[in-house]
Asker: 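Sending over a structure as structure tokens; questions will come in a sec.
Along the sequence shown, residues carry numbers from 1.
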Amino acid sequence: MASIENNGRSAHQLKFFSQWGRCLIALGLIFFANIASAQTNADLSSPASLKKLSLEELMDLDVTSVSKQPEPYGQAPAAIQVITGEDIQRSGASSIPEALRLADNLDVAQKGSAGWAISARGFNTDLANKLLVLMDGRSVYTPLYSGVFWDVQDYLLEDIDRIEVISGPGGTLWGANAVNGVINITTKSAKDTQGLYVEGGGGNWLEDFAGVRYGGTLASNVYYRVYGKYFDRSSEVFSNGASASDSWRMGQGGFRIDSEASSKNPLTLQGDFYLGDEKAPGGDTRTGGGNVLGRWSHTFSDDSDMSLQLYYDRTHISVPKPAVVYSGPFAPFSLPAGILRDDLDTYDLDFQDRFHLGQRNSIVWGLGYRFTHDVVGNAPSTEFLPPVLDQNLFSGFVQDEIKLHEKLFLTLGTKLEHNDYTGFEVEPSARLQWNVTPKQMFWGAVSRAVRTPSRIDRDLLEPTGLPTPLPTSLLDGSSNFVSETLIAYELGYRAQLSSKVSTSVSAFYNDYDNIRSFTTNATSLIGGFPITAANNLEGDTYGFEWSGDWQVLDWWRLHGGYDLLEEDIHVKPGKTDFSNGLNETSDPQQQFQIRSSMDLPENLELDSALRWVDTLHDNNGPTQGTVPSYFELDVRIGWHPTKNLEFSIVGQNLLHDQHAEYGFPGATTTEQIERSVYGKVAWRF
């Protein structure tokens with residue numbers, strides 16, 4: 001897939017995925033009809049994956065993202081929210097970005113059929129780069145811009161166990177780019193996904209989709225699963241009603257093997273592969289890739305263990321770049337259209353050890369090494385120099401949780417990393433936790449985090465093709481670009497106020513320095529070009545996040561969430577920025593959501609989610625524009641004629657025919673997200 005010829009092969013393979021997916025839907029419907037007529041509710045037990053957690057069970061659910069060791073969610077000293085597998089299933093989400101709307105501490109905006117902007121605590125721009133995302137321990141950010149290509153991050157959603165979402169810095173444990181948050185997606189063990197699962201359906205936007213997974217055993221206490229899925233999503237529209245021509249289809253498959261032959265030495269081996277095709281007016285974007293991950297853990301005792309993880313990840317993207325025409329007073333020029341390709345190979349090794357030192361110290365430490373081999377096929381209008389780049393990342397961390405009192409804990413830690421761009425980076429933190437009662441906890445933290453340079457910051461070049469002394473480029477990276485830094489101050493409270501009510505609130509103040517800017521050349525003959533990346537911005541943000549759950553009745557649960565974000569990002573004294581400090585933020589000041597989940601008679605389920613998002617101020621154009629605030633409503637109706645058979649209808653964005661969530665205003669610049677409805681049938685056996 002590293003060449004144009006392979007683009008044709010990718011399209012042929014996607015066509016095969018499409019044909020296979022539609023056949024799978026038909027076969028699934030035949031199976032469903034036979035099973036539905038032959039089984040009753042008493043025939044099969046409900047799978048554990050669909051178990052509805054009480055609020056008490058949710059607060060006791062172990063999470064690992066805060067301290068890299070299991071601890072109850074109710075006592076995790078961070079602004080963390082947990083999205084369970086049942087939450088995803090009941091929401092009607094059909095993709096991981098849609099499922100992330102369930103986290104109140106995230107800003108999730110859909111940009112088009114395949115595009116998403118996702119961030120925490122601000123900086124949710126086209127090149128959002130301050131959120132670290134992990135999938136079963138595998139980092140998925142791209143060194144091209146230190147962000148995430150959300151269109152290619154996928155699993156069979158039925159196999160996701162939980163998603164842990166931390167808003168706030170996590171650099172002490174997770175390293176660079178965990179500046180404003182960490183998303184940790186964890187799938188179920190192969191042991192918990194035994195048997196056959198088939199799903200299929202379609203609608204007006206999610207035109208058709210299909211998935212199948214089968215789990216079995218290879219030997220005693222050695223479990224496996226294999227899966228495949230396919231979807232086809234239609235185009236969105238522009239505000240003038242014209243089609244955005246951005247339809248999206250993708251096929252994905254994978255496997256997982258879990259060995260529990262030795263209770264003290266569990267082993268995991270898993271992998272995924274995918275092919276995608278995204279339409280665009282200038283041509284098709286091709287995506288593809290695969291990964292394989294192995295993990296070995298050894299348990300010494302209940303409070304001491306170690307793990308070793310190794311993975312390889314391969315990604316490919318091929319993006320059409322339009323022709324560039326500039327008609328300036330001194331130097332008119334044009335560059336032809338072309339294709340920008342990127343092939344990235346990542347090798348990652350991670351070791352971690354946990355033990356107790358005496359009665360009061362719980363220590364976690366680890367070492368890591370990552371090697372990336374990035375090969376860019378440059379387009380006439382967009383280049384990365386050098387086109388081939390090898391990079392090494394060495395890291396080590398240590399964290400000590402100190403028991404000061406039976407109810408008071410102090411956690412100190414730091415991570416030390418060495419990268420090829422800026423050398424050594426240090427990310428320390430101090431965290432204090434006070435367990436007032438077994439059900440109530442206060443916490444506070446001070447942390448430092450960094451966002452290290454990406455290839456856009458250092459190596460980007462947008463040429464003009466002009467001879468000197470005229471500007472030879474429009475936009476340049478800079479070898480002088482350094483890491484962005486954050487000092488964060490946080491306070492939080494989490495409590496289960498009763499068996500039916502729980503709540504969490506956190507407040508933060510973030511102090512940023514060396515934020516990315518773009519500086520014009522005042523002596524240039526044409527329009528101040530080239531524009532060069534620099535670190536001329538600074539500023540602060542502050543706000544708070546609240547969420548709460550109320551079990552109104554045994555069959556009815558309500559969830560609410562509210563976020564407030566204030567931002568003040570400005571140019572440093574004596575410095576300049578092309579957009580006057582406005583290009584790095586595109587965030588709502590406020591947002592809230594209310595979700596309702598009802599278990600009705602006759603095995604019916606009714607789930608709804610109402611969200612409101614405040615106005616977005618966007619500077620991705622010649623003048624500052626806004627995306628208006630909006631309300632939206634999603635509804636799902638599910639029916640289980642048997643415990644293993646499910647029919648559901650999902651309506652998304654029901655309050656408007658279409659609305660904008662992101663982008664610079666204009667008749668053909670901001671895509672509108674349309675109302676959509678789809679049906680789904682799922683069978684577990």
Asker: So do Arg516 and Leu127 actually touch side chain to side chain, heavy atoms under 4.5 Å?
Answerer: yes
Asker: Grab the two heavy atoms, one from Tyr73 and one from Arg494, that are nearest each other, plus how far apart they are.
Answerer: O-NH1, 3.3 Å
Asker: Determine the minimum heavy-atom distance between Leu132 and Ser139, stating which atoms define it.
Answerer: CD1-OG, 3.7 Å
Asker: Heavy atoms only: give me the nearest Glu490-Gly168 pair and the separation to one decimal.
Answerer: OE2-CA, 3.8 Å
Asker: With a 6.0 Å cut-off on ring centres, are Phe442 and Trp434 close enough?
Answerer: yes
Asker: Could you check whether Gln589 and Asp587, counting side-chain N and O atoms only, form a donor-acceptor pair closer than 3.5 Å?
Answerer: no
Asker: For Ile88, which of Leu100, Asp161, Leu157 qualifies under side-chain contact (heavy atoms from CB on, under 4.5 Å)?
Answerer: Leu157
Asker: Taking Asp348 first and then Arg370, would you say they form a salt bridge - that is, a charged N and a carboxylate O separated by under 4.0 Å?
Answerer: yes
Asker: Go through the steps for Asp126 and Lys111 under the test salt bridge (charged side-chain N to carboxylate O under 4.0 Å, His left out), then give the verdict.
Answerer: CA-CA 9 Å; Asp126 279 337; Lys111 299 193 289 186; 3.4 Å; yes
Asker: Please check if the number of heavy atoms outside Tyr542 that lie under 6.0 Å from its OH is greater than 12.
Answerer: no
Asker: Using 30° and 60° as the class limits, which term best fits the ring planes of His418 and Phe424: parallel, tilted or perpendicular?
Answerer: perpendicular
Asker: Within a strict 4.5 Å, meaning less than it, do heavy atoms of the Val82 and Ile163 side chains meet?
Answerer: no
Asker: Give, for atom CG of Leu131 and atom CD1 of Ile118, the distance between the pair rounded to the nearest 0.5 Å.
Answerer: 8.0 Å
Asker: Is it the case that Gln270 and Asp136 place a side-chain donor and acceptor less than 3.5 Å from each other?
Answerer: yes
Asker: Does a sphere of radius 6.0 Å around CH2 in Trp555 hold more than 12 heavy atoms from other residues, nucleotides or ligands, not counting ones at 6.0 Å or beyond?
Answerer: yes
Asker: Does NZ or CZ of Lys68 fall inside the cone over Trp174's six-membered ring, less than 6.0 Å from its centre and within 45° of the axis?
Answerer: yes
Asker: At what distance, to the nearest 0.5 angstrom, does CG of Asp599 lie from CG of Leu553?
Answerer: 11.0 Å
Asker: Should we say atom CH2 of Trp612 is surrounded by more than 12 heavy atoms from elsewhere, each under 6.0 Å from it?
Answerer: yes
Asker: Please say which of Asn177, Asn514, Asp457 ends up in a side-chain hydrogen bond (donor to acceptor under 3.5 Å, both in side chains) with Arg451.
Answerer: Asp457
Asker: Heavy-atom distance under 4.5 Å between the side chains of Tyr509 and Asp540, does that happen here?
Answerer: yes
Asker: Side chains of Asp400 and Asn361: donor-acceptor distance under 3.5 Å anywhere?
Answerer: yes
Asker: Distance only, no hydrogens: is a donor on one side chain within 3.5 Å (strictly under) of an acceptor on the other, for Ser597 and Asp607?
Answerer: yes
Asker: For the residue pair Ser65 and Glu164, confirm or rule out a side-chain donor-acceptor distance under 3.5 Å.
Answerer: yes
Asker: Could you tell me which non-hydrogen atom of Tyr662 sits nearest to which non-hydrogen atom of Leu616, and how far apart they are?
Answerer: CD1-CD2, 4.0 Å
Asker: How far apart are the closest heavy atoms of Leu416 and Val426, and which atoms are they?
Answerer: CD1-CG2, 3.6 Å
Asker: Checking Ser189 against Asp192: is there a side-chain donor and acceptor pair closer than 3.5 Å?
Answerer: no
Asker: Will you find, in the side chains of Ser483 and Glu425, an N or O donor that is under 3.5 Å from an N or O acceptor?
Answerer: yes
Asker: Can you see which heavy atom on Arg121 is nearest to which on Thr541, and at what distance?
Answerer: O-OG1, 4.5 Å
Asker: Considering only heavy atoms from C-beta outward, does the side chain of Asp554 approach that of Lys500 to under 4.5 Å?
Answerer: yes
Asker: Does the side chain of Glu98 come under 3.5 Å of the side chain of Gln652 through a donor N or O and an acceptor N or O?
Answerer: yes
Asker: Assess the residue pair Lys415 and Ser429 against the criterion (side chain to side chain contact (heavy atoms under 4.5 Å, CB included)); give the C-alpha distance rounded to whole Å, side-chain angles, the decisive distance to 0.1 Å, and a yes or no.
Answerer: CA-CA 9 Å; Lys415 186 151 193 167; Ser429 70; over 6 Å; no
Asker: Once salt bridge (charged side-chain N to carboxylate O under 4.0 Å, His left out) is applied, do any residues pair with Asp303, and if so which ones, sequence neighbours excluded?
Answerer: none
Asker: What's the verdict on ring-ring contact (aromatic ring centres under 6.0 Å, His included) for Phe351 and Trp365, showing C-alpha distance, side-chain angles and the deciding distance?
Answerer: CA-CA 8 Å; Phe351 170 79; Trp365 70 281; 5.5 Å; yes
Asker: Is any side-chain heavy atom of Ser506 closer than 4.5 Å to a side-chain heavy atom of Leu491?
Answerer: no
Asker: Drop me the distance from Leu308's CG to Leu349's CG, to the nearest 0.5 angstrom.
Answerer: 5.5 Å
Asker: Is Glu605 salt-bridged to Arg636, cutoff N-O under 4.0 Å?
Answerer: yes
Asker: My understanding is that only one of Arg611, His559, Glu545 makes a side-chain contact (heavy atoms from CB on, under 4.5 Å) with Asp104; could you say which?
Answerer: His559
Asker: Taking 4.0 angstrom as the limit, do Lys130 and Glu484 come out as a salt bridge?
Answerer: yes
Asker: Looking only at the side chains, is there a donor atom on one of Asp107 and Asn124 sitting less than 3.5 Å from an acceptor on the other?
Answerer: yes
Asker: Side chains of Glu417 and Phe394, heavy atoms from C-beta outward: is any pair under 4.5 Å?
Answerer: no
Asker: With no hydrogens and no angle check, just 3.5 Å: does a side-chain donor-acceptor pair link Ser307 and Ser297?
Answerer: no
Asker: Below 4.0 angstrom, N of the basic side chain to O of the carboxylate: do Glu661 and Arg101 qualify?
Answerer: yes
Asker: Is the closest side-chain donor-acceptor distance between Asp258 and Thr268 under 3.5 Å?
Answerer: yes
Asker: Can the ring centres of Tyr512 and Phe123 be said to be less than 6.0 Å apart?
Answerer: yes
Asker: With a 4.5 Å cut-off on side-chain heavy atoms, are Ile363 and Arg354 touching?
Answerer: no
Asker: With a 4.0 Å cut-off on N to O distance, would you call Asp549 and Arg557 a salt bridge?
Answerer: no
Asker: Could you list the residues that satisfy salt bridge (charged side-chain N to carboxylate O under 4.0 Å, His left out) with Arg595, not counting sequence neighbours?
Answerer: none
Asker: Do other residues, nucleotides or ligands put more than 12 heavy atoms under 6.0 Å from Lys575 NZ?
Answerer: no
Asker: Testing the 3.5 Å rule here: is there a donor-acceptor pair between the side chains of Trp546 and Thr503?
Answerer: yes
Asker: Any chance you could measure Leu565, atom CG, to Asp563, atom CG, to the nearest 0.5 Å?
Answerer: 8.5 Å
Asker: Do Ser146 and Asn129 meet the criterion of a side-chain donor-acceptor pair at a distance under 3.5 Å?
Answerer: no
Asker: Can you label the angle between the Phe631 ring and the Phe592 ring as parallel, tilted or perpendicular, going by 30° and 60°?
Answerer: perpendicular
Asker: In Å, rounded to the nearest 0.5 Å, how long is the span from CG of Asn653 to CD of Glu632?
Answerer: 4.5 Å
Asker: Output the distance between atom OH (Tyr562) and atom CD1 (Ile594), rounded to the nearest 0.5 Å.
Answerer: 13.0 Å
